[in-house]
Every structure is written in structure tokens, then in C-alpha cells.
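Quick notes on the structure that follows.
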Amino acid sequence: AVDLPQKLLMAEDQKFEIENLLETETEQSEELSPISASEILHLGFNQDASCLVLGLRNGFRIYDCSPFSKRFTMKGGGLMLVEMLFCTSLVALVGGGDQPAFSPRRLRLWDSSKRASLCELKFVTAVLA
């Protein structure tokens, strides 16, 4: 059983994570600011190379490659791993950088279309790949 102070701490921790991770850009027409190389923590493609994903010090971005256009942007804490499942809305996220969105020992499965976490896996050590 979890006592009340522990529940409050857990709720506050969850609130902090949600506030850090869920600060999102909602307007698709909004022009994106340039990204310096020092802001990029991860750069990769999905399995069929139709999308480019960037893990940044302040969130992540997804771009369609052909034609090149922004698909999704989320602001928040740092993400050192961002992996997209083919061309779906499912993205695996791992926190990292100076101010991580969440612990580097957590892998969060994220649905970018719903802007919601589907599940979270916790590990004893940092997730490396």
C-alpha cells in the first residue's frame, strides 16, 4: 500500500514530467527556428527512410522526407533517443541532455497523433539504443 505523502510525491513527479514533456507547438503553419548542431542530441530515420526524427535539447521534431516538410514538433526537456516506427504516429523516447524530459533509464512509447504516452518501461541502467 502507498501512503498519502508518497502518493503526493508521485503525483507531483508525474505533473513535473507532463509539464516538461507536453509543452507543444500546435500550429502547423508556425515557422520553425533554425537548429544549431549543439541542440541536436539524436538524428535518425525511420525504417523506410521516409521520415527524419530529431531529438533535441528542448523536445523533438519529425519531418517527412519527400517532399521535405514538418510533420510534428514537441517542445519540452531533452531527448537523446527518438525512434519512429515506420511512418506511424508511434515514437520511442528516452530522456537525455543537460535538462532531460525524463530519466535516461525510462523508455516511453509516445503516440504523436494523440499527444499521449502509451506506456513506459523503466530500467536499472540508462537506455543506450
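Hydrogens, waters and symmetry mates are skipped; everything else that's a heavy atom, side chains included, is used.
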*So do L54 and I35 actually touch side chain to side chain, heavy atoms under 4.5 Å?*
yes
_Using 0.5 Å steps for rounding, measure from the OG1 atom of T125 to the CZ atom of R105._
9.0 Å
*Output yes when a side-chain donor or acceptor of R57 lies under 3.5 Å from a complementary backbone atom of S38, and no otherwise.*
yes
_Q47 atom CD, neighbour heavy-atom count above 12 within 6.0 Å_ = yes
*So if you build clusters from Ile, Leu, Val, Met, Phe, Trp, Tyr with side-chain heavy-atom gaps below 4.5 Å, do L93 and L107 land together?*
no
*Run the salt-bridge test on E120 and R108 with the 4.0 Å N-O cut-off and return the result as yes or no.*
yes
*asked:* For the CZ atom of R61 and the CD atom of E39, what is their distance to the nearest 0.5 Å?
replied: 7.5 Å
*Give a yes or no on whether the backbone of C51 and the side-chain of N46 come within a donor-acceptor separation of less than 3.5 Å.*
yes
*asked:* Within this structure, what is the CH2-CZ distance for the pair W110 and R115, rounded to the nearest 0.5 Å?
replied: 8.5 Å
*Could you check if a side-chain atom of R106 sits within less than 4.5 angstrom of a side-chain atom of P100, using non-hydrogen atoms only?*
no
*Indicate if L43 and L128 have the same hydrophobic cluster label, given that clusters are the connected sets of ILVMFWY residues with side-chain heavy-atom separations under 4.5 angstrom.*
no
_Between CZ on residue F60 and CE on residue M84, distance to nearest 0.5 Å_ = 9.5 Å
_CG on L41 to CG on L56, rounded to 0.5 Å_ = 7.0 Å
*asked:* Taking S89's backbone N and O only, do any of them form a donor-acceptor pair with S112's side chain (distance below 3.5 Å, no angle check)?
replied: yes
_F45 with L81, same ILVMFWY side-chain cluster at under 4.5 Å_ = no
*Please round to the nearest 0.5 Å and tell me the distance separating atom OH of Y63 and atom OG1 of T73.*
6.0 Å
*asked:* Could you see if V94 belongs to whatever hydrophobic cluster contains M74? Use Ile, Leu, Val, Met, Phe, Trp, Tyr and a side-chain cutoff under 4.5 Å.
replied: no
*Hydrophobic clusters join Ile, Leu, Val, Met, Phe, Trp and Tyr when side-chain heavy atoms are under 4.5 Å apart, directly or via other members; which others share one with L85?*
F86, L90, L109, L118
_Common cluster, I62/L79, ILVMFWY with side-chain heavy-atom separation under 4.5 Å_ = yes
